[in-house]
Peer 1: 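My structure is below; once you've seen it, I'll send some questions.
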Amino acid sequence: METKNQSLLKQQFENIFENALIQDIIATGIVKTFSENTIVVDIGDPMPYMPILLSGSIKIMREDNDDNELLLYYLEVGDTCAMTINCSMGKQKSNIRAITEVATLLVFVPIQKLEEWMIQYHSWRHFILESYNSRLMEALEAVDSLAFYSLEDRLHKYLKDKAMVTGATLLKTTHLQIANDLNSSRVVISRLLKKLQLDKKINVQRNEIEVFF
DNA sequence: TCATTAACACGGG
DNA sequence: CCCGTGTTAATGA
């Protein structure tokens, strides 16, 4: 692992992991960079590694039998994907698709280490359980959103979430992409965006949307 | 009632 | 010309 990435890893995790664990991650982890809008893991892929986010952000998508996509939640720095925990335990293939939202740095840890460290390191155990829990909560939020919210509220929440993970209030995206993420149609998104703009919640221009907070 | 699909016009790059 | 966007009309849940 490069020194630059090592110091980033230390910086991000020194308050969470004990030093010995960080050294172990450096020794066994493989760091990879992904440019924005790249598929990191696809549905059906085997997952022999567990990814931990060093920088950037990733959206986790679900897909039904008719290729309809739906955004489940975002991963941010310090997060890991709970799906890989599932996969590693039961030797399953991925049930989700992971796409980078911006340029992203990931460290991949072999799943065999994941189990060893569960026994060896208290902080690792805590990290796994904690992230498992928060991913479950986010998935529940996604379900709530589908079941109880109007599409307009979902759209507004989607834009705010996206602004959060990208760290910018100006989003570079199109109505069609949004429609795909929310599993809706472009016509409706265009109409609702206009409505949100009239309500002074956002400002819409070609290829970009500004979110107000 | 509200979403979806299809179809068309407009404008910018 | 292609793509993103605005809008409408017909249809569906």
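Sequence lines set the chain letters: A, B, ... in the order given, protein chains first and strands last, and positions in each chain run from 1.
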Peer 1: Of all residues at least two apart in sequence or in a different chain, which pass the side chain to side chain contact (heavy atoms under 4.5 Å, CB included) check with F148(A)?
Peer 2: D144(A)
Peer 1: Could you list the residues that satisfy side chain to side chain contact (heavy atoms under 4.5 Å, CB included) with E76(A), not counting sequence neighbours?
Peer 2: D79(A), V165(A)
Peer 1: Using rotation axes that map the C1' atoms of four end pairs onto the next four (five pairs an end), what angle separates the end axes of the helix from dT1(B)-dA13(C) to dG13(B)-dC1(C), to 10°?
Peer 2: 10°
Peer 1: With a 4.0 angstrom cut-off to heavy atoms of chain A, pull out the first and last contacting nucleotide of DNA chain C, in 5'-to-3' order.
Peer 2: dC3(C) to dT8(C)
Peer 1: For residues 99-108 of chain A, which residue pairs pass the side chain to side chain donor-acceptor pair (under 3.5 Å) check, not counting sequence neighbours?
Peer 2: E101(A)-K162(A)
Peer 1: Quick one, V109(A) and L114(A) - any side-chain contact, counting heavy atoms below 4.5 Å?
Peer 2: no
Peer 1: Assess whether atom CZ of F212(A) is packed by more than 12 heavy atoms of other residues, nucleotides or ligands within 6.0 Å.
Peer 2: yes
Peer 1: Could you write out each protein N or O paired with an N or O of nucleotides 1-5 of chain B at a distance under 3.5 Å?
Peer 2:
from, atom 1, to, atom 2, distance (Å)
dA3(B), OP2, R191(A), NH2, 2.7
dT4(B), OP2, S184(A), OG, 2.9
dT4(B), OP2, S185(A), N, 3.4
dT4(B), OP2, S185(A), OG, 3.1

Peer 1: Calculate, to the nearest 0.5 Å, the distance between atoms CG and CD1 belonging to N95(A) and I43(A) respectively.
Peer 2: 8.0 Å
Peer 1: Looking at residues at least two apart in the chain, or sitting in another chain, which of them share a salt bridge (charged side-chain N to carboxylate O under 4.0 Å, His left out) with E115(A)?
Peer 2: none
Peer 1: My understanding is that only residues two or more places apart in sequence, or in another chain, count here; which of them pass ring-ring contact (aromatic ring centres under 6.0 Å, His included) with F17(A)?
Peer 2: F13(A), W124(A), F127(A)
Peer 1: With sequence neighbours left out, what residues match L193(A) under side chain to side chain contact (heavy atoms under 4.5 Å, CB included)?
Peer 2: L155(A), L159(A), H175(A), I178(A), I189(A), I202(A), V204(A), I209(A)
Peer 1: Does R97(A) use its side chain to pair, donor to acceptor, with the backbone of K59(A) at less than 3.5 Å?
Peer 2: no
Peer 1: Can you list every salt bridge (charged side-chain N to carboxylate O under 4.0 Å, His left out) pair that touches residues 199-213 of chain A, not counting sequence neighbours?
Peer 2: none
Peer 1: How would you list, by chain and number, every residue that makes a side chain to side chain donor-acceptor pair (under 3.5 Å) with E152(A), sequence neighbours excluded?
Peer 2: K195(A)
Peer 1: Output a table of nitrogen or oxygen pairs between the protein and nucleotides 11-13 of chain B separated by less than 3.5 Å.
Peer 2:
from, atom 1, to, atom 2, distance (Å)
dG11(B), N2, R206(A), NH2, 3.1

